[in-house]
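In what follows, every heavy atom counts, from backbone to side chain, and hydrogens, waters and symmetry copies are set aside. If you read the sequence from its start, that first residue is 1, and numbering goes on from there.
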Amino acid sequence: MNTTTSSLGQRLANKVSIITGAAQGIGLATALKFAHEGAIVVLCDVKQAAVDAAVAQCQAADAQAVGFVVDVTQREMVDAMVKSVLAKFGRIDVLVNNAGITQDARLQKMTIEQFDRVIDVNLRGVFHCAQAVTDTMVAQGSGVILNASSVVGIYGNFGQTNYAATKFGVIGFTKTWSRELGPKGIRVNAVAPGFIATPILDSMPEKVIEDMVHRVPLKRLGRAEDIANVYAFLASDEAAYVNGAVLEVSGGMTV
Ligand code: NAD
């Protein structure tokens, strides 16, 4: 790490921060933001080449960064990653539970496979990662867990039975863990993005995206960096009294 820049103005200096789904989209933007804020960044995603490329981008920003191929649905992979992080850095300060997928269909058309897969990644994966880091954070007496919900997890959405259930579920996790872990010095919060221009929107028809933009008072889709900035704030000591919150970052689309 560049010691000349780490002392001043970096809100996450030396905070060991695990980010899941960090190879692209909001996860990658968050890893880069955390890198610029001085964090030691641990990037997890499913494909080696994509993880390596993301790690290289963080290192180019002068950050200490390491990557792991982790499928969050596989508890052994999550546990092995946490063990390696502890062996290398000795602590875990922040977990950003960002990995998530969609497999959309209306209720009448949704297959059991589509339902199970989205539940597995978006809900079970978040549970795996949070549980895997919690003993360490409790022993430290400090830590931050940030969960990716969605406006769909507050209002529901056409064609997203499975996804909406997981994003509502993530809010349930957040509120429950904030009660359980707050007394132990661990803050737990969720971010509920609106529609953010990342590859997850690639499968959406252009007309649907145009309609979404029309509904947003700021008249644009969000950028991955808009969400990364909020994760950085919530991970930092500036958010020391923010716990159990669901922060909607949607350009005001639901106002
Ligand atoms: P994205 O598809 O661009 O990136 C998701 C990343 O997660 C990918 O790199 C993917 O490989 C990884 N991933 C998928 N399954 C995984 C698994 N089993 N284990 C580990 N990594 C896995 O998505 P995004 O738009 O950047 O979204 C990130 C998070 O934000 C998701 O949880 C998503 O639901 C949420 N979100 C996104 C939007 C949006 O409009 N883009 C809105 C609300 C919430």
Side-chain angles (χ1 to χ4, degrees), residues 12 17-37 39 41-61 63 65-73 78 81 94-104 117-118 120-123 125-126 129 145-153 157 159-160 162-164 166-167 170 189-206 208-209 212-213 216 218 220-235 247-251 253:
L12 303 177
S17 304
I18 297 172
I19 301 165
T20 67
Q24 69 175 36
I26 293 168
L28 176 57
T30 302
L32 288 168
K33 176 68 182 172
F34 277 43
H36 284 291
E37 293 285 358
V41 192
V42 179
L43 298 93
C44 305
D45 212 301
V46 287
K47 292 208 180 107
Q48 185 74 60
V51 169
D52 291 346
V55 167
Q57 286 191 59
C58 290
Q59 288 170 341
V66 293
F68 291 89
V69 172
V70 178
D71 177 341
V72 294
T73 69
V78 172
M81 176 272 294
V94 182
L95 166 66
V96 184
N97 263 318
N98 165 75
I101 60 167
T102 56
Q103 290 203 4
D104 296 351
R117 183 66 193 150
V118 172
D120 252 11
V121 176
N122 296 10
L123 210 50
V126 171
C129 294
I145 298 174
L146 303 175
N147 296 325
S149 183
S150 166
V151 289
V152 173
N157 200 22
Q160 294 198 308
N162 49 3
Y163 185 78
T166 63
K167 296 303 183 181
V170 159
N189 292 292
V191 174
F195 291 100
I196 312 302
T198 73
I200 211 171
L201 294 192
D202 285 352
S203 59
M204 286 217 180
E206 209 166 304
V208 175
I209 292 183
M212 282 170 190
V213 171
V216 177
L218 293 182
R220 65 168 175 88
L221 290 181
R223 303 182 187 102
E225 293 73 18
D226 293 323
I227 307 304
N229 289 340
V230 173
Y231 279 132
F233 162 68
L234 288 173
L247 188 41
E248 184 178 322
V249 186
S250 70
M253 71 176 283

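Tyr163 has its side chain out of reach of Asn157: every pair of non-hydrogen atoms, C-beta onward, lies at least 4.5 Å apart. Taking the side chain as every heavy atom from C-beta outward, Leu221 and Val213 approach each other to under 4.5 Å. When side chains are defined from C-beta on, Val41 counts as touching Ile19, because their heavy atoms get closer than 4.5 Å. Between Val216 and Arg220 there is no side-chain heavy-atom pair separated by less than 4.5 Å. Looking at heavy atoms from C-beta onward, Leu32 lies in side-chain contact with Cys58 at the 4.5 angstrom threshold. Residues Val96 and Phe34 are in side-chain contact: their nearest non-hydrogen atoms beyond the backbone lie under 4.5 Å apart. Taking 4.5 Å as the limit, some side-chain heavy atom of Val72 sits within range of a side-chain heavy atom of Val121.
Between the side chain of Asp45 and the backbone N or O of Ala22, at least one donor-acceptor pair lies under 3.5 Å. At least one donor-acceptor pair closer than 3.5 Å links the side chain of Gln59 to the backbone N or O of Ala65. A donor-acceptor distance shorter than 3.5 angstrom exists from the side chain of Asn98 to the backbone of Thr20, with no hydrogens or angles considered. In this structure, the side chain of Ser149 engages the main chain of Lys167 through a donor-acceptor pair within 3.5 Å. Remark: side-chain polar atoms of Asp226 are paired, donor with acceptor, to backbone N or O of Arg223 under 3.5 angstrom.
Considering CG of Asn147 and CG of Asn189, their distance stands at 9.0 Å, rounded to 0.5 Å. Note: Asp202 CG to Ile209 CD1 = 8.0 Å, rounded to the nearest 0.5 Å. In this structure, CG on Asn122 lies 10.0 Å from OG on Ser150, to the nearest 0.5 angstrom. To the nearest 0.5 Å, the span separating SG on Cys129 from CD1 on Ile18 amounts to 8.0 Å. Between the CG atom in Leu201 and the CZ atom in Phe195 there is a gap of 7.5 Å [rounded to 0.5 Å]. Residue Tyr231 holds its OH atom at 13.5 Å from CD of Glu225, rounded to the nearest 0.5 Å.
Of the residues Thr198, Leu247, Ile26, the one that meets the side-chain contact (heavy atoms from CB on, under 4.5 Å) test with Ile227 is Ile26.
Heavy-atom minimum distance, Ala39 versus Ser17: CB-OG, 3.8 Å. Closest heavy-atom contact between Gly194 and Met253: CA-SD, 4.0 Å. Pairing each heavy atom of Val94 with each of Ala235, the nearest pair is CG1-CB, 4.0 Å. Closest approach of Val66 to Val55, counting heavy atoms only: C-CG2, 3.7 Å. The shortest heavy-atom contact between Val118 and Thr102 is CG2-C, 4.1 Å. Nearest approach of Leu43 to Ala31, heavy atoms of both residues: CD2-CB, 3.5 Å.
For Asn162, there are no side-chain hydrogen bond (donor to acceptor under 3.5 Å, both in side chains) partners, not counting sequence neighbours.
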